[in-house]
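Per chain, numbering begins at 1; letters A, B, ... match sequence-line order.
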2 protein chains.
Amino acid sequence: MSLIKKTNPRVISIKDFSSCSYCSVRRLCLPVSVDKEEIDIIDEFVEDRPHLKKSEYLFHAGDKFRSLYAIKSGAVKTFGSTRDGREQITGFHFAGELIGLDAIGNNMHNCNAVALEKTVICTMPYQNIEGISTQIPSIQHEITRLMSKEIRNDEEMLMAMGSMRAEQRVACFLFNLHRRLSTNSSDALSIRLPMTREEIGNYLGLSLETVSRRMSSLQEDGIINVENRLITLRDIEALQHLCN
Amino acid sequence: MSLIKKTNPRVISIKDFSSCSYCSVRRLCLPVSVDKEEIDIIDEFVEDRPHLKKSEYLFHAGDKFRSLYAIKSGAVKTFGSTRDGREQITGFHFAGELIGLDAIGNNMHNCNAVALEKTVICTMPYQNIEGISTQIPSIQHEITRLMSKEIRNDEEMLMAMGSMRAEQRVACFLFNLHRRLSTNSSDALSIRLPMTREEIGNYLGLSLETVSRRMSSLQEDGIINVENRLITLRDIEALQHLCN
DNA sequence: CGTATTTTTGAGCGATATCAACGGAAGTGG
DNA sequence: CCACTTCCGTTGATATCGCTCAAAAATACG
């Protein structure tokens with residue numbers, strides 16, 4: 001491939017810009033601990049990169065598990081449905097994050113995944129991943145690491161839900177977003193929320209009104225600025241302190 | 001090993017009764033999808049089987065991650081500490097269940113694990129597991145499956161915490177125990193709780209008084225019987241219905 | 001048998017949910 | 001680009017669930 005690149009850079013550059021090598025979130029994604037040549041192998045097993053519009057489903061609960069999905073850009077929510085029809089959001093996911101790991105266990109997706117905004121997805125068929133793992137052992141290790149991290153995240157969230165009051169939950173939620181959206185090069189001091197207050201409340205176990213009220217009080221305390229969906233962090237120390 | 005067994009059965013039988021082959025929870029544990037000869041290999045990498053008394057630690061948060069632990073008998077709680085010193089329980093674990101999976105990611109235990117009663121543990125050094133995975137590929141797959149299952153569990157719990165009222169949470173908690181403690185051969189209609197009301201409340205995000213009250217009301221409704229720590233399920237249908 | 005721990009039950013209070021109304025933003029179709 | 005509609009966010013008033021405090025009963029433990 002790199003050979004072709006030299007001889008015909010114009011055509012190839014189109015593929016390149018969607019490839020892992022040129023992906024802006026590569027350092028957060030599966031090929032994190034993989035060297036240059038190996039990325040091409042990973043690239044090959046990325047099946048396609050569908051563009052989702054807002055509210056489009058990536059997968060439904062009950063779907064057969066075929067692939068893991070990496071978010072190239074945009075944002076996704078995952079949620080289950082209670083029998084009485086209401087949805088319960090279990091996570092928000094951003095660029096560089098992998099979803100579908102919870103489906104490996106029983107070969108079936110256990111939640112729904114919906115784009116919160118225009119989103120680009122890298123589809124990675126799990127069979128290919130398992131095959132590739134023999135060639136690149138670090139991939140298996142990386143998957144294990146990511147799963148372990150997800151368990152940790154969920155359990156952190158459980159701890160929060162068990163012991164925190166509304167204001168703490170909201171603060172914790174925002175601080176968590178801050179951490180996840182910050183990169184080596186930039187601190188995410190302004191966050192444009194891709195989800196509604198209702199979705200935040202659903203996720204945090206609060207009513208949408210309480211989310212709104214607690215955001216207002218965090219603003220009054222000079223910790224954040226709220227301007228519709230644009231949240232500006234004014235005192236990160238204080239925010240972090242609320243999270244313990 | 002099976003050779004020695006024939007020549008000197010008396011000595012070996014002692015080892016056997018603690019070995020995986022003879023373990024009563026084998027079908028729930030790591031060697032679930034492994035055939036006879038392979039079990040001996042697994043047996044070999046089980047380092048030791050410490051007996052924990054009530055309140056003894058299996059590991060502390062911050063400990064270097066060395067091993068996964070399977071519970072042979074007894075019960076364990078895992079919990080983290082908030083900065084203000086209180087503990088937040090993230091899970092209860094019973095015979096046949098594996099703990100420590102969340103530590104693989106950052107090579108460090110992220111929570112504490114304490115025996116709730118007399119408990120026997122199988123210590124499985126992770127290095128050995130990784131090594132053995134090349135010999136028994138199904139082991140790696142099994143670990144992945146178990147991690148995925150834990151993610152699913154945690155997310156189910158998150159859904160519960162986000163949307164359920166106190167009575168539902170308690171009902172859900174009991175039904176979950178029922179499922180986990182039931183085996184092919186027996187339905188766990190009577191459950192002897194190894195944890196206090198306070199620990200249940202901590203786990204469910206409720207006060208110990210509320211746990212007690214909601215158990216009483218479930219009893220009044222004829223759904224369960226409460227006799228100190230012995231819970232008898234009288235109407236499992238109704239219990240399950242509350243969980244939704 | 002006595003002490004400590006755990007559990008139950010009651011009373012009052014506080015945090016958060018629910019209900020309601022309004023204003024603003026965003027999307028839609030002309 | 002504007003008018004219309006729908007969705008979203010804020011704020012206020014009231015209701016309710018679950019917490020805290022308190023005390024006593026039941027159980028476990030040495």
Side-chain angles (χ1 to χ4, degrees), chain A residues 53-56 77 84 86-89 114-118 160-174 191-221 224-232 242, chain B residues 53-55 77 84 86-89 114 116-118 160-174 191-221 224-232 242:
Chain A
K53 298 198 198 89
K54 185 179 167 177
S55 302
E56 279 189 331
K77 70 172 172 183
D84 54 333
R86 289 172 303 108
E87 77 179 37
Q88 176 59 49
I89 296 172
V114 165
L116 291 166
E117 58 189 19
K118 217 179 104 184
M161 298 286 288
S163 63
M164 288 184 181
R165 314 211 142 279
E167 185 166 82
Q168 277 190 297
R169 294 189 198 191
V170 173
C172 201
F173 174 74
L174 292 175
I191 301 173
R192 179 164 297 282
L193 301 173
M195 75 291 279
T196 67
R197 303 286 192 265
E198 184 172 18
E199 287 168 326
I200 297 172
N202 181 306
Y203 178 59
L204 295 177
L206 301 170
S207 69
L208 68 97
E209 295 94 331
T210 298
V211 172
S212 178
R213 274 187 251 269
R214 295 288 74 87
M215 280 190 177
S216 296
S217 54
L218 285 173
Q219 180 169 234
E220 276 172 29
D221 298 345
I224 64 174
N225 250 24
V226 181
E227 200 175 328
N228 202 13
R229 292 204 183 177
L230 183 68
I231 309 293
T232 311
L242 282 173
Chain B
K53 298 197 198 87
K54 183 178 166 178
S55 302
K77 69 172 173 182
D84 54 330
R86 290 171 304 109
E87 81 180 33
Q88 176 60 49
I89 296 173
V114 164
L116 290 167
E117 59 189 20
K118 218 179 104 183
M161 297 288 287
S163 63
M164 288 182 180
R165 315 211 144 282
E167 185 166 82
Q168 277 191 295
R169 294 190 197 189
V170 173
C172 199
F173 175 75
L174 293 174
I191 300 173
R192 178 163 296 282
L193 301 173
M195 74 292 280
T196 66
R197 303 286 192 267
E198 183 171 17
E199 287 167 326
I200 297 172
N202 182 306
Y203 178 60
L204 296 177
L206 301 170
S207 69
L208 69 99
E209 294 95 331
T210 298
V211 173
S212 177
R213 274 188 252 269
R214 295 289 74 86
M215 280 191 177
S216 296
S217 54
L218 285 173
Q219 180 168 234
E220 277 171 31
D221 298 345
I224 64 174
N225 251 22
V226 181
E227 202 177 326
N228 200 14
R229 293 205 183 175
L230 184 68
I231 309 294
T232 310
L242 282 172

Side chain proximity check, A:Thr210 to A:Leu204, heavy atoms < 4.5 angstrom | no
Footprint ends on DNA chain C, 5' to 3', for atoms under 4.0 angstrom from a heavy atom of chain B, come out as C:dT6 to C:dT18
Rounded distance (Å) that lies between atom P of D:dG18 and atom CD of B:Glu167 = 9 Å
Spacing between B:Met164 atom CE and D:dC17 atom C1', to the nearest angstrom | 17 Å
Does any non-hydrogen side-chain atom of A:Arg169 lie less than 4.5 Å from one of A:Met161?
-> yes
Determine whether A:Glu87 and A:Val114 make a side-chain contact, defined as any pair of heavy atoms from C-beta on separated by less than 4.5 Å.
-> no
Tell me which residues in residues 195-210 of chain A put a heavy atom below 4.0 Å from DNA chain C, sorted by number, or none.
-> A:Gly205, A:Leu206, A:Ser207, A:Glu209, A:Thr210
Over how many whole Å does the gap from B:Leu193 atom CG to D:dT27 atom P extend?
-> 15 Å
Which distance, rounded to the nearest 0.5 Å, do you find between the CG of B:Leu174 and the CZ of B:Arg214?
-> 13.5 Å
4.5 Å side-chain heavy-atom contact, A:Val226 and A:Ile231 | yes
Output for pair (A:Lys54 NZ, A:Lys118 NZ), nearest 0.5 Å, gives 14.0 Å
Are any of the side-chain nitrogens in A:Arg192 or A:Glu117 under 4.0 Å away from the carboxylate oxygens of its partner?
-> no
Among the candidates D:dG9, D:dC17, D:dC19, find the nucleotide nearest to the side-chain atoms of A:Arg165.
-> D:dC19
For B:Arg213, which contact category applies under a 4.0 Å heavy-atom criterion: base, sugar-phosphate, or nothing?
-> base
Counting just side-chain N and O atoms, does B:Asn228 come under 4.0 Å of either OP1 or OP2 of D:dA28?
-> yes
Grab the CE-C1' distance between B:Met161 and D:dG18 for me, whole Å please.
-> 13 Å
Min side-chain heavy-atom separation A:Met195-A:Arg229 under 4.5 Å | no
To the nearest 0.5 Å, how far apart are CG in B:Leu208 and CD in B:Glu198?
-> 5.5 Å
Base, sugar-phosphate alone, or nothing: which one does A:Val226 contact when heavy atoms must sit under 4.0 Å apart?
-> sugar-phosphate
